[in-house]
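Okay, structure first, notes after.
In what follows, every chain begins at residue 1, and chains take the letters A, B, ... in the order their sequences are listed.
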Protein chains: 2
Amino acid sequence: MSGGPVSCPCHPSCEGPTADCDRTLTTPQRVFKGVRSAQEVVAALPLFDGILPDVLNRLLADSATITRRRSTLLFGAGDEADCFYIVLDGAVKLFALAQDGRESIVEIFGPGTSFAEAAMLSTGRFPLHAEVIEDATLIRVGRRAFLYTLHSDHALAYRMLAALVKWNRRLAGEISDLKELTPWQRVAEFLLAQTPATEGRVEVLLPFNKEVLASRVGIRRESLSRVLGRLRVLGVHTSGNAVQIDDVDLLRRACFEAGSGRN
Amino acid sequence: MSGGPVSCPCHPSCEGPTADCDRTLTTPQRVFKGVRSAQEVVAALPLFDGILPDVLNRLLADSATITRRRSTLLFGAGDEADCFYIVLDGAVKLFALAQDGRESIVEIFGPGTSFAEAAMLSTGRFPLHAEVIEDATLIRVGRRAFLYTLHSDHALAYRMLAALVKWNRRLAGEISDLKELTPWQRVAEFLLAQTPATEGRVEVLLPFNKEVLASRVGIRRESLSRVLGRLRVLGVHTSGNAVQIDDVDLLRRACFEAGSGRN
DNA sequence: CTCCCCCCTTAACCAAGATCAAGTCGCCGC
DNA sequence: GCGGCGACTTGATCTTGGTTAAGGGGGGAG
């Protein structure tokens, strides 16, 4: 029930009206892969699977490819949701902000995923903040185009329904994990989710830094360090963003068998 | 962002193929309120708001009102999802089961809510278990009728989309809470969510027993006792399922101000 | 090369849940 | 009334994550 890499629809996001944090394209080093590639990516989204070519074109006509550096705030909670985003490259985090300034990351989106479609359907406002955490190339799709697309292709609406359900389950699973798994189990699960391998030795690259990972699993940076230290006896070795798992199966079993011990 | 009483769509549920736990209507003392009332309830669901009368009738034609005693398993995770449920009376919990038999409650549904609509849209299987926790009267709506309804009323599909989004946000909010609130804050928030009052003295009735409440907020029964004990100094007094809050505003502010202290 | 900053790690202390184990209270059947 | 059961509470102890503070180490700027 835990978070495998699931293609995630839903969740609000749109560059806030205040486009104050642009620094327009200061890093052309990270070039988006051209319009054709963008089309491919979009058509490959679970949400738009089987979309009609002309509908797709219409959709893309009201969209723009943008690049943003890390630390750029895409939008804040409460901003008007007049578009949604597709990630071509980089990573974006969605997070909530506590009154004291602390943030908790609800989800992180990487290449080939989209987010914030859902915000446009109900309140029209983003419920969460979105920030680029790895220099990113994004497609921003306008609300009008999206709604038009939705209405001109009913099958799309149903796919979106299904996608939301899937995303929903992912969240429900995460809630279960938070409630009944210890922090180290959550970390282990996260690591296991980073590789398709089911046994043997594997090297995985953390898709973001440890601060973010810690927030992702709901603990503090320092605790993550401790956890990774404790996982060493299970054959988990880290250096920087590289994590080597000596025996995937061993780790998974340890994770399961611990089962009971909540805290 | 935390869990106010939200009308919740989504989530799988359907009396499993094995209807072994029926004890058909042994408690006629808890009579459902008649067909007319059932219609009213259904039409009042956010999901079916504004539904056309004949579509509604068609929907109800393939449904049945059932009563189940507490502890009845409605369905298990993995069962075929060939219906969804509307709660007229009582309460149902959706929960996940860990390998060691521990359960964690993902959501609890009371009168006027529906659940498990979503399961029929994707995998066709329930991802969670559902159990009656207070003797309940339910409407079970068949899959066929639901899908028919969905296709004959596109507006319904969009409403459902919106409902899913809303439900989604609720889950995301719960994740935030689990990550950044202490257990006692979650308990306090839960209590506050049980009343519309914003100040003064209030008496709230816990909608279920403490074991369930503990699971709901992700702690153990014993810890909940202690938390409630500690909350006494903030004017929270409990006796049985009745909880008296001396000063709602005080409690809310205490909850907020604690802000930082994550554990 | 050096300084500084950022990311990460370590250590010491503390508060708080989990756990294990009794113990209380109310209810029901007998 | 008695016994038993289920829901709840309390206490002692243990584990663990948060907190605070300090330090290491790599990379970029100057």
Just say parallel, tilted or perpendicular for the rings of F75(B) and F115(B), cut-offs at 30° and 60°.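 Tilted, since the angle between the ring planes falls between 30° and 60°.
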Whole Å only: how far is the [atom1] atom of [X] from the [atom2] atom of [N]?
| X | N | atom1 | atom2 | answer |
| --- | --- | --- | --- | --- |
| L178(B) | dG17(C) | CG | C1' | 15 Å |
| L213(A) | dC7(C) | CG | P | 15 Å |
| L181(A) | dA18(C) | CG | P | 14 Å |
| W184(A) | dT15(D) | CH2 | P | 16 Å |
| I219(B) | dA15(C) | CD1 | P | 20 Å |
| R220(B) | dA16(C) | CZ | C1' | 15 Å |

In 5'-to-3' order, the base (B), backbone-only (S) or no-contact (-) status of each nucleotide in nucleotides 6-13 of chain D, using a 4.0 angstrom heavy-atom cut-off, is --SBBBB-
Is there a side-chain contact between L74(B) and F126(B) (heavy atoms, below 4.5 Å)?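 When only atoms from C-beta onward are counted, F126(B) and L74(B) do not touch, as no gap falls below 4.5 Å.
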Q185(B) and L181(B): which non-hydrogen atoms are nearest, and at how many Å? OE1-CA, 3.5 Å
Charged N to carboxylate O below 4.0 Å: is that the case for D135(A) and R70(A)?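 A salt bridge is absent here (no side-chain N lies under 4.0 Å from a carboxylate O).
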Kindly say whether K93(A) contributes a backbone atom to a donor-acceptor pair with the side chain of E131(A) at under 3.5 angstrom? no
Among K179(B), R216(B), R169(B), which one satisfies salt bridge (charged side-chain N to carboxylate O under 4.0 Å, His left out) with E174(B)?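 Option passing the salt bridge (charged side-chain N to carboxylate O under 4.0 Å, His left out) with E174(B): R216(B).
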